[in-house]
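Residues take their numbers from the sequence shown, with the count starting at 1. Being a predicted model, the structure only gives us computed values, none of them experimental.
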Amino acid sequence: MSTDSGIRAAMRVFIDEEVIPAERELRARDDNSAQVLARLQRSAKAQGLWALGHPTEIGGGGMGFYDFALVNEIIGRSSFGQLAAGTLSMQDSIMLHRFGSSSQRQRWLEPLVAGEILPSTGMTEPEVAGSDPTLIQATARLDGDEWVIDAHKWFTTGGASAAFTTIFARTESADVEAHRALSAIIVPVGTPGMELVRVLKTMGSTDGEHCEIQLTGVRVPAENLLGERGEGFSVGQTRLGPGRIFHCMRWLGQAQRAFELMCERAKHRYAHGSLLSEKGEIQRYIAESAAQIHAARLMILDAARQYDLDGQARVQISIVKFWAAQMLHDVIDRAIQVHGALGVTDDTPLEQMYREARYARIYDGPDEVHRMVVARRLLKDPSSAPWLQSDGHA
């Protein structure tokens with residue numbers, strides 16, 4: 001499927017006129033919010049706007065990364081856009097589609113794409129650095145035809161609502177090379193020995209359901225192995241690589257919405273003899289924000305284009321991950337400043353956007369790691385610089 005202005009226009013109407021007006025109800029996280037979300041999801045499906053970036057063979061719209069980038073920046077305008085438009089499961093759906101067995105795809109993938117269940121992934125552990133998966137301490141051993149798993153995970157996002165958690169654990173002996181020592185194993189939520197310890201309160205909120213979970217002697221069938229034994233690092237990277245582009249796409253929408261709110265406030269707020277829009281400092285905020293958004297957008301589209309070509313876009317992905325995260329923070333920060341005291345209240349979405357923007361510089365690899373990756377690769381091979389790979393049509 002190739003995106004066109006009609007699909008983007010329809011998605012803009014859906015997000016701005018249906019999802020955004022329902023945000024306060026959705027944030028309540030009660031029975032009514034569940035009904036509101038179900039109504040929005042039915043509407044997205046009826047309009048042909050559901051799961052547009054998922055492959056067609058698993059029930060999605062089949063858009064390539066580049067085309068989906070143009071749609072997902074619209075979906076990202078609301079923090080509930082992914083849920084409403086069926087794109088929240090993309091990372092896990094792609095992972096299951098690529099590595100899952102036929103029985104795993106039938107049990108988990110089909111309902112995942114349909115929005116009937118939600119996934120979660122257990123990779124990060126509180127005892128070791130989450131940015132280095134070779135340090136994972138969770139273990140899984142075969143006992144007959146069952147895996148026995150012991151693990152302590154946290155920031156298992158969505159863990160309180162998920163139907164299953166993909167646990168990344170060490171399955172090989174200590175003498176095996178670090179990147180071949182891990183495996184990915186699907187654990188249905190509710191399996192005996194699997195405990196939801198708590199939903200972490202992050203930046204004053206539990207909305208993200210960043211969960212701490214403990215697995216003690218958890219037994220699951222050997223067939224729950226996702227991919228090959230010792231292939232966990234590759235499985236995880238298949239999920240994380242495109243996921244970083246998904247995040248950046250979504251951040252574009254958030255930044256653009258904050259920018260619009262900032263401009264609207266500046267044009268109507270009067271102080272110290274003139275409108276805010278007439279003051280040089282505020283004009284600087286507007287211009288710098290516009291430049292950052294535009295630069296990030298071009299980078300993200302180029303990364304998506306490159307991923308469509310080679311399925312990797314390694315340098316491009318790391319560059320956009322740290323650049324777009326900083327852009328998102330800066331634009332929202334300026335928008336709050338222009339709103340003054342109003343900006344830190346929940347009368348606007350900016351305070352929540354600001355809190356969520358701070359996560360962006362940490363999850364799926366902190367800024368420092370991505371800068372290191374970029375520098376190492378370009379020092380080793382300067383010809384791999386993204387501007388030398390681009391054809392100028394990002």
Any salt bridge linking [X] with [Y]? Criterion: basic side-chain nitrogen under 4.0 Å from a carboxylate oxygen.
{"X": "Glu23", "Y": "Arg257", "answer": "yes"}
{"X": "Glu260", "Y": "Arg77", "answer": "yes"}
{"X": "Asp302", "Y": "Arg305", "answer": "yes"}
{"X": "Lys321", "Y": "Asp364", "answer": "no"}

Does the side chain of [X] come under 3.5 Å of the side chain of [Y] through a donor N or O and an acceptor N or O?
{"X": "Ser43", "Y": "Glu18", "value": "yes"}
{"X": "Gln35", "Y": "Asp31", "value": "no"}
{"X": "Thr166", "Y": "Asp92", "value": "no"}
{"X": "Thr345", "Y": "His339", "value": "no"}

Pairs in or reaching into [range]: which pass salt bridge (Lys or Arg N to Asp or Glu O under 4.0 Å), with residues at least two apart or in two chains?
{"range": "residues 284-297", "answer": "Glu73-Arg297, Glu281-Arg284, Arg284-Glu288, Glu288-Arg334"}
{"range": "residues 155-178", "answer": "Glu172-Arg229"}
{"range": "residues 200-214", "answer": "Arg29-Glu209, Arg198-Glu212"}
{"range": "residues 141-163", "answer": "Glu125-Lys153, Asp143-Arg219, Glu146-Arg219"}

Roughly how far, to the nearest 0.5 Å, is the [atom2] atom of [Y] from the [atom1] atom of [X]?
{"X": "Leu328", "Y": "Trp323", "atom1": "CG", "atom2": "CH2", "value": "14.0 Å"}
{"X": "Ile94", "Y": "His54", "atom1": "CD1", "atom2": "NE2", "value": "7.5 Å"}
{"X": "Gln104", "Y": "Leu225", "atom1": "CD", "atom2": "CG", "value": "7.5 Å"}
{"X": "Leu52", "Y": "Thr87", "atom1": "CG", "atom2": "OG1", "value": "8.5 Å"}
{"X": "Leu96", "Y": "Ile186", "atom1": "CG", "atom2": "CD1", "value": "5.0 Å"}
{"X": "Arg244", "Y": "Arg239", "atom1": "CZ", "atom2": "CZ", "value": "10.5 Å"}

Between the side chain of [X] and the main-chain N/O of [Y], is any donor-acceptor distance below 3.5 Å?
{"X": "Thr191", "Y": "Met194", "value": "no"}
{"X": "Ser384", "Y": "Asp381", "value": "yes"}
{"X": "Glu351", "Y": "Gly343", "value": "no"}
{"X": "Gln254", "Y": "Trp251", "value": "no"}
{"X": "Ser318", "Y": "Val315", "value": "no"}
{"X": "Thr238", "Y": "Ser234", "value": "yes"}
{"X": "Glu231", "Y": "Glu228", "value": "yes"}
{"X": "Ser183", "Y": "Thr171", "value": "no"}
{"X": "Gln41", "Y": "Leu83", "value": "yes"}
{"X": "His268", "Y": "Glu264", "value": "yes"}

Counterpart residues, ring pair (Phe, Tyr, Trp, His ring centres under 6.0 Å), relative to [X] (two or more places apart):
{"X": "Trp147", "answer": "none"}
{"X": "His152", "answer": "none"}
{"X": "Phe99", "answer": "none"}

What heavy-atom pair brings [X] and [Y] nearest, and what distance separates the two atoms?
{"X": "Leu275", "Y": "Lys267", "result": "CD1-O, 3.5 Å"}
{"X": "Met11", "Y": "Ala85", "result": "CE-CB, 4.3 Å"}
{"X": "Val218", "Y": "Pro192", "result": "CG2-O, 3.7 Å"}
{"X": "Ala160", "Y": "Val199", "result": "CB-CG2, 4.1 Å"}
{"X": "Ala84", "Y": "Ala44", "result": "O-CB, 3.4 Å"}
{"X": "Leu112", "Y": "Ser93", "result": "CD2-OG, 3.6 Å"}

If hydrophobic clusters are built from ILVMFWY residues whose side chains come within less than 4.5 Å, do [X] and [Y] share one?
{"X": "Trp50", "Y": "Leu118", "answer": "no"}
{"X": "Ile332", "Y": "Leu276", "answer": "no"}
{"X": "Ile74", "Y": "Leu88", "answer": "yes"}
{"X": "Val19", "Y": "Ile75", "answer": "yes"}

**Request:** Sequence neighbours left out, what passes side-chain hydrogen bond (donor to acceptor under 3.5 Å, both in side chains) with Asp346? Give chain and number order.
**Result:** none
**Asked** Would you say the side chain of Trp108 lies within less than 4.5 Å of the side chain of Ile117, judging by non-hydrogen atoms?
**Response** yes
**Request:** Please report the C-alpha distance between Ser120 and Thr156 in whole Å, then the side-chain angles of each, then the deciding distance to 0.1 Å, and finally whether the side chain to side chain donor-acceptor pair (under 3.5 Å) criterion is met.
**Result:** CA-CA 6 Å; Ser120 62; Thr156 304; over 6 Å; no
**Request:** Among residues two or more places apart or on two chains, list those pairs meeting ring pair (Phe, Tyr, Trp, His ring centres under 6.0 Å) that have a residue in residues 219-240.
**Result:** His179-Phe233
**Message:** According to ring pair (Phe, Tyr, Trp, His ring centres under 6.0 Å), does anything in residues 345-366 pair up with another residue at least two apart or in another chain? List the pairs.
**Reply:** His210-Tyr359, His247-Tyr363, His329-Tyr354
**Request:** Count the heavy atoms of every other residue, nucleotide or ligand shown that sit under 6.0 Å from CD of Gln312, and state whether that count exceeds 12.
**Result:** yes
**Message:** If you apply the rule side chain to side chain donor-acceptor pair (under 3.5 Å), what do you find for Gln306 with Asp310, and how did you get there?
**Reply:** CA-CA 6 Å; Gln306 187 63 36; Asp310 65 12; 2.9 Å; yes
**Message:** Can you classify the ring geometry of Phe68 versus Phe246 as parallel (below 30°), tilted (30 to 60°) or perpendicular (above 60°)?
**Reply:** perpendicular
**Item:** ILVMFWY cluster membership beyond Phe155 - transitive side-chain contacts under 4.5 angstrom
**Value:** Trp154, Leu200
**Asked** For Glu25, which residues count as a side chain to side chain contact (heavy atoms under 4.5 Å, CB included) partner, sequence neighbours excluded?
**Response** Ala22, Asn32, Val36
